[in-house]
**Student:** 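Structure in structure tokens, see below.
Side chains included, hydrogens not; waters and symmetry mates left out as well; all remaining heavy atoms used.
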Amino acid sequence: MPVSVRLERRIRRDFPEPGSAAEIMRMLDELPGTAGYDVEHFAGERLQAAIVLLAQGSIRRFHESVRLALTDWRDLLVATELDNDSWTDRLQAELSTEAAP
């Protein structure tokens, strides 16, 4: 599943260096095949966004976030506060065009 439009917008904002955003999106797109389990979770916007949000614009933190997701994706959701019933509201706020940089 390709990265959603709103997540792509956030990635391009958080990773402005030439080629960085494209590489982040490529890695997110390949993540379901890399995980080997819970493919539907790794292909969805919620988990992909959690990785990007935890990275906070850092390539190093992005790789750490991917490792956390591969170890236990639930811990990643807890770390980004996307683990509760209001996760859709939080994701909307984080990925809206009005979100603070």
**Student:** Is it the case that one hydrophobic cluster holds both Val52 and Val78, taking links as side-chain heavy atoms less than 4.5 Å apart, direct or via other members?
**Tutor:**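 Result: no, two separate clusters.
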**Student:** Ion pair present between Arg61 and Glu64, side-chain N to carboxylate O less than 4.0 angstrom?
**Tutor:**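 No, this pair does not count.
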**Student:** So, taking the atom named CD in Glu23 and the one named CD in Glu17, what distance separates them when rounded to the nearest 0.5 Å?
**Tutor:** 12.5 Å
**Student:** Ignoring hydrogens, what is the shortest heavy-atom contact between Phe15 and Gly57? Give both atom names and the distance.
**Tutor:**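 Minimum heavy-atom contact is CE2-C, 3.4 Å.
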**Student:** Evaluate the criterion side-chain contact (heavy atoms from CB on, under 4.5 Å) for residue pair Trp87 and Leu77; output intermediate values, then yes/no.
**Tutor:** CA-CA 9 Å; Trp87 72 267; Leu77 295 180; over 6 Å; no
**Student:** Rounded at 0.5 Å granularity, tell me how far CG in Leu82 sits from CG in Leu76.
**Tutor:** 8.0 Å
**Student:** For the CG atom of Leu28 and the CZ atom of Phe42, what is their distance to the nearest 0.5 Å?
**Tutor:**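 Atom-to-atom, Leu28:CG and Phe42:CZ are 11.0 Å apart.
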**Student:** Check the pair Arg6 / Leu91 against side-chain contact (heavy atoms from CB on, under 4.5 Å), numbers first and verdict last.
**Tutor:** CA-CA 10 Å; Arg6 66 186 190 161; Leu91 199 57; 3.7 Å; yes
**Student:** Carefully, step by step, assess Ile51 and Leu31 under the rule side-chain contact (heavy atoms from CB on, under 4.5 Å).
**Tutor:** CA-CA 11 Å; Ile51 291 168; Leu31 194 55; 3.4 Å; yes
**Student:** If you take all heavy atoms of Met25 and Ile11, which pair is closest and at what distance?
**Tutor:**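 For Met25 versus Ile11, the nearest heavy atoms are CG-CD1, 3.7 Å.
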**Student:** Only counting residues at least two apart or in another chain, list the ones meeting side chain to side chain donor-acceptor pair (under 3.5 Å) with Arg67.
**Tutor:** none
**Student:** Going from CD on Glu45 to CG on Leu95, what distance comes out if it is rounded to the nearest 0.5 angstrom?
**Tutor:** 5.5 Å
**Student:** What is the minimum heavy-atom distance between Asn84 and Ser86, and which atoms define it?
**Tutor:** OD1-OG, 2.8 Å
**Student:** Kindly say whether Thr80 contributes a backbone atom to a donor-acceptor pair with the side chain of Arg90 at under 3.5 angstrom?
**Tutor:**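 Indeed, once roles are kept as given, a pair shorter than 3.5 Å links the two residues.
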**Student:** Give me the atom names and distance for the closest heavy-atom approach of Ser65 to Ala55.
**Tutor:** OG-N, 3.7 Å
**Student:** Atom CD1 of Ile24 and atom CG of Leu7: how far apart are they, to the nearest 0.5 Å?
**Tutor:**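 Rounded to the nearest 0.5 Å, the CD1-CG separation comes to 10.5 Å.
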**Student:** Which heavy atom in Gln48 sits nearest to a heavy atom in Ala43, and how many Å separate them?
**Tutor:**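 Here Gln48 and Ala43 meet closest at NE2-O, 3.6 Å.
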